[in-house]
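Since this is a predicted model, take the numbers as computed values, not measurements.
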Amino acid sequence: MKQKTWIAVIVVGTLAINAMAYVVVRKRRASDVPPPPPVSGTTTAPTPPIAVPAPPSEDANEGLSRARRAAGLAALEDRDYDIAVREFTEALSLRRTPGGDLVELLRIATDLQSRERDRTRVEPPKPTREPAVTRTPPRAKPSRASSSRASTHAKEEPPPVLEEPRNGLLLVTSTPPGLVVQVDGKAVDMTPARLPLRPGTYRVALAQGERRLMEETVVLEEDGVHSLNRDVSEQLAPPAPPRPVANTAPAETPPTPPATAAPVAVKAEATGRGELDISSPSLYGEVWVNNRPYGFPPLVAQNLPAGPARVEVRVNGEVKRRMSVEVEAGRRVAVRVR
C-alpha cells in the first residue's frame with residue numbers, strides 16, 4: 001500500500017513541474033513577439049515633439065556686424081588695409097540686407113590695399129654694362145678762343161625741372177555715416193569720404209545741416225594717407241524733454257482763467273505727447289521734425305506735442321521731402337517717407 005502511494009505522489013509532482021515549466025516558456029515567447037499593428041479606429045499616444053534649436057537672432061548678427069565695422073575702421077586708421085578689407089567683408093556678410101556705408105568702406109579699403117601694394121612693389125635693378133675702354137690719340141691743345149666758347153656753352157645749360165609734389169589722401173569716416181565733410185569751410189563730400197588733396201595743413205569738420213559737430217586740424221604729407229574717424233552718435237541724439245517746473249504761486253491766490261476764454265483756445269493747446277516711427281527706404285538723409293534734427297532713418301521721434309507736425313528729409317542741408325503728420329497723444333504713428 002505504501003509503495004502505491006509513493007508512486008502516485010511522484011507521478012503527480014512530475015506533472016505539476018511540467019505544467020509550471022510550460023507556463024513559463026509560454027510567457028517568454030509571448031514577450032518576444034512584437035506588438036500587432038494598430039487597428040483602424042483606435043487612437044495611439046502622440047509622440048513627443050523633437051526640440052529644434054532656434055536660429056540665431058538677427059540682433060546678434062547686427063551687433064557682430066557693428067563690431068566688425070568698428071574693427072575695420074580701426075585697421076583703416078592704422079593703415080593695415082588687409083585687415084580692414086577682411087573686417088568689412090565679414091561685417092557685410094553678417095547683414096541680411098546690405099545697407100549703411102559698408103559697401104563704400106569696403107571699396108575704399110580695397111582701393112587703398114591695391115595702391116599700397118603697387119607702391120611697395122620694387123622692380124629689380126637693371127644690370128649696367130661697363131663702357132669699353134678705348135684709347136684715343138692725343139689731341140692738340142685747344143686755343144684760347146675755343147676754350148672761351150666752351151665755357152660760355154657750359155654756363156648756358158637749362159635749369160633743372162622741379163617735380164610737382166604728389167597728392168596725399170584724406171579718409172573721413174563717421175558713426176553714423178552720411179554727415180557733410182567740410183575742408184577749410186567748404187562742403188566737399190559726405191562720409192565715408194576719400195579725398196585726394198595736395199600736401200599741407202587743412203581744417204576738417206563734420207557738419208549736420210547748419211551745425212558743426214566736430215572740427216580738427218589735419219596735416220597731410222606728400223603721397224601720404226591720413227584717416228579721420230569720429231563717433232558723434234551722442235551729439236545727434238534728440239535732447240531730453242524739459243522737466244515740469246513746480247508751481248511757485250502762493251496757495252491762497254491761485255491763478256484763475258478769464259471768464260471770457262473761448263473753449264477753442266483750450267483745445268488747441270496739446271494736453272499730451274506722442275511718437276513718430278519714421279522710415280525712408282528710398283531716400284537717405286537727415287530727418288527734421290518741427291525744425292529740430294533727429295538723425296538718420298529708421299528712427300523714433302519721441303516726446304512730440306500732440307497735433308500737426310512737419311517732417312522733412314534733408315540731404316546736405318537741402319530739403320528733399322516735406323510732409324505734414326498728425327501726432328496722436330499717447331500713441332506711436334508710423335510715417336513712411338517716399
Side-chain angles (χ1 to χ4, degrees), residues 59 62 66 69-70 97 99-101 104 172-183 185-193 203-216 228-247 264-338:
D59 296 338
E62 288 293 333
R66 287 193 294 269
R69 176 183 178 275
T97 56
D101 59 341
E104 185 66 20
V172 185
T173 56
S174 66
T175 304
L179 301 180
V180 179
V181 181
Q182 296 181 353
V183 178
K186 297 180 180 180
V188 292
D189 203 346
M190 297 181 67
T191 57
R203 195 68 179 169
V204 182
L206 292 178
Q208 183 192 44
E210 300 177 355
R211 181 177 56 165
R212 287 192 178 184
L213 305 175
M214 184 276 305
E215 192 171 1
E216 186 173 333
L228 187 63
N229 177 34
R230 293 294 179 267
D231 188 352
V232 292
S233 302
E234 296 182 357
Q235 302 181 31
L236 296 177
R243 296 182 179 179
V245 181
N247 188 12
V264 179
V266 177
K267 187 177 181 181
E269 297 180 358
T271 58
R273 293 182 175 271
E275 299 177 354
L276 292 180
D277 187 359
I278 305 174
S279 61
S280 179
S282 60
L283 179 64
Y284 189 77
E286 186 182 11
V287 176
W288 289 60
V289 181
N290 294 335
N291 292 328
R292 179 187 298 178
Y294 278 82
F296 292 83
L299 57 86
V300 177
Q302 302 177 352
N303 298 317
L304 297 176
R310 185 175 60 183
V311 179
E312 297 177 348
V313 178
R314 303 183 182 183
V315 179
N316 294 337
E318 183 180 357
V319 178
K320 296 294 185 179
R321 299 288 190 276
R322 181 185 288 113
M323 58 189 305
S324 180
V325 182
E326 188 72 20
V327 179
E328 301 180 8
R331 294 187 60 186
R332 177 180 294 181
V333 181
V335 179
R336 186 181 180 91
V337 181
R338 299 181 181 276

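Inter-residue side-chain proximity for Leu206 and Leu228 is flagged as unmet; no heavy-atom pair is nearer than 4.5 Å. A 4.5 Å side-chain heavy-atom check between Met190 and Pro177 finds every atom pair outside the cut-off.
For the atom pair Arg331 CZ and Leu276 CG, the distance stands at 12.0 Å (nearest 0.5 Å).
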- Query: Yes or no on side-chain contact (heavy atoms from CB on, under 4.5 Å) for Leu283 and Val337, after CA distance, side-chain angles and deciding distance?
  - Reply: CA-CA 8 Å; Leu283 179 64; Val337 181; 5.6 Å; no
- Task: Output, in order, the C-alpha distance, side-chain angles, deciding distance and verdict of side-chain contact (heavy atoms from CB on, under 4.5 Å) for Ile278 and Val289.
- Result: CA-CA 10 Å; Ile278 305 174; Val289 181; 3.9 Å; yes
- Item | Working for side-chain contact (heavy atoms from CB on, under 4.5 Å), residues Val204 and Arg230 | CA-CA 12 Å; Val204 182; Arg230 293 294 179 267; over 6 Å; no
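Contacts of Arg338 classified as salt bridge (charged side-chain N to carboxylate O under 4.0 Å, His left out), with partners at least two apart in sequence or in another chain: none.
Residues Gln182 and Ala207 approach most closely at NE2-CB, 3.6 Å, considering heavy atoms. Scanning all heavy atoms of the two residues, the minimum distance from Val315 to Gly285 falls at CG2-CA, 4.0 Å. When all heavy atoms of Thr175 and Asp231 are compared, the closest pair comes out as O-OD1, 3.0 Å. Considering all non-hydrogen atoms of both residues, Arg211 and Pro293 come closest at NH2-CG, 4.1 Å. Here the shortest heavy-atom pairing between Phe296 and Glu286 reads CE2-N, 3.8 Å. Between Ala205 and Arg212, the shortest heavy-atom distance links the atoms CB-CD, 4.2 Å.
Side chain of Asn290 to backbone of Arg292: no donor-acceptor contact under 3.5 angstrom is found. No side-chain donor-acceptor contact under 3.5 Å links Ser324 to the backbone of Arg310. A side-chain donor-acceptor contact under 3.5 Å links Ser174 to the backbone of Pro176. Thr191 places a side-chain N or O within 3.5 Å of a backbone atom of Leu179 that can act as its donor or acceptor partner.
Here the options are Lys320, Arg321, Arg322, Arg314, the test is salt bridge (charged side-chain N to carboxylate O under 4.0 Å, His left out), and the partner is Glu318; only Lys320 passes. The side-chain contact (heavy atoms from CB on, under 4.5 Å) with Val327 is formed by just one residue from the set Leu304, Val333, Val335; it is Leu304.
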